[in-house]
Amino acid sequence: MSESYAPVLPEIMLTHGDGMIRIEGVVSGTGPAEVTATLSISHTGSGGSMTTQQSRSLSLGADDKHVPVASTGINFGPDSYLMVDLSVTFEEVVIAESRVEIGVAPER
């Protein structure tokens, strides 16, 4: 690796209300870091299946807290399955990741 980086803290935040879930990926810095954060979402429910992915390049410092990567809202019911991954890469190497999984994964 040509440069060093300080560790980063990825967080997935979920807010539930009125049959929906708001999903937000944020990253906090502990020192200087030039990274790429990617939020990946897979959802299966009564309306079918969907997969989406959003990435953002970030220049973080020690004072950067909860820097947004991406956010979205989806319908979420009793039969829903949701998997959310937030990964942070430095020079194409994963240096931090977080995952939230809710529900029972559908059989493939």
Side-chain angles (χ1 to χ4, degrees):
M1 293 186 191
S2 62
E3 296 179 34
S4 63
Y5 64 89
V8 299
L9 309 172
E11 284 184 77
I12 298 168
M13 299 187 300
L14 304 176
T15 307
H16 185 258
D18 295 328
M20 294 193 67
I21 287 185
R22 177 169 170 75
I23 303 163
E24 184 175 11
V26 298
V27 177
S28 296
T30 62
E34 299 283 333
V35 298
T36 300
T38 302
L39 184 70
S40 303
I41 301 168
S42 295
H43 175 255
T44 301
S46 61
S49 297
M50 77 91 178
T51 302
T52 187
Q53 183 175 355
Q54 297 174 320
S55 293
R56 181 173 176 205
S57 295
L58 301 170
S59 179
L60 298 171
D63 294 329
D64 291 328
K65 308 290 186 233
H66 296 109
V67 177
V69 175
S71 65
T72 191
I74 61 169
N75 291 329
F76 194 84
D79 297 328
S80 289
Y81 167 73
L82 175 67
M83 184 169 59
V84 182
D85 288 301
L86 178 57
S87 63
V88 182
T89 58
F90 174 78
E91 294 185 354
E92 300 183 28
V93 175
V94 175
I95 60 167
E97 56 190 337
S98 183
R99 172 178 277 183
V100 172
E101 205 168 350
I102 301 171
V104 178
E107 292 184 27
R108 296 189 185 234

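Just the heavy atoms: all of them, side chains too, but no hydrogens, waters or symmetry mates, feed the values below.
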Enquirer: Might you point out which heavy atoms bring Ala37 and Leu58 nearest each other, and give the distance in Å?
Expert: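 It is CB-CD1, 4.0 Å.
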
Enquirer: Quick one: which of Gln54, Met83, Gln53, Met50 gives a side-chain contact (heavy atoms from CB on, under 4.5 Å) with Ile41?
Expert: Met50

Enquirer: So do the side chains of Tyr5 and Glu91 get within less than 4.5 Å of each other, counting heavy atoms only?
Expert: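 No, side chains not in contact.
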
Enquirer: When rounded to the nearest 0.5 angstrom, what is the spacing between CD1 in Ile12 and CD in Glu24?
Expert: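 One gets 11.5 Å once the value is rounded to the nearest 0.5 Å.
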
Enquirer: Can you find a heavy atom in the side chain of Val69 that is under 4.5 Å from one in the side chain of Leu86?
Expert: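 When only atoms from C-beta onward are counted, Leu86 and Val69 do touch, with a gap below 4.5 Å.
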
Enquirer: Is there a continuous path of hydrophobic side-chain contacts, each under 4.5 Å between heavy atoms, that joins Phe90 to Val26?
Expert: no

Enquirer: Side chains of Ser46 and Asp79, heavy atoms from C-beta outward: is any pair under 4.5 Å?
Expert: no

Enquirer: If we ignore hydrogens and angles and just use 3.5 Å, is the side chain of Thr30 paired with the main-chain N or O of Pro7 as donor and acceptor?
Expert: yes

Enquirer: As a test of understanding, state which of Ile21, Ile23, Thr72 forms a side-chain contact (heavy atoms from CB on, under 4.5 Å) with Val84.
Expert: Ile23

Enquirer: When you measure from the side chain of His43 to the backbone N and O of Asn75, does any donor-acceptor pair fall under 3.5 Å?
Expert: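 Side chain of His43 to backbone of Asn75, a donor-acceptor pair under 3.5 Å: yes, one is there.
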
Enquirer: Contact between Ile102 and Leu14 at the side-chain level, heavy atoms closer than 4.5 Å - yes or no?
Expert: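 Sidechains of Leu14 and Ile102: in contact.
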
Enquirer: Just how far is it from atom CZ of Arg22 to atom CD1 of Ile74, taken to the nearest 0.5 Å?
Expert: 12.0 Å

Enquirer: Could you tell me whether the side chain of Glu11 reaches within less than 4.5 Å of the side chain of Ser98, counting heavy atoms only?
Expert: no

Enquirer: Quick check against the 3.5 Å criterion: does Arg56 have a side-chain atom that pairs as donor or acceptor with the backbone of Thr38?
Expert: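 Absent.
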
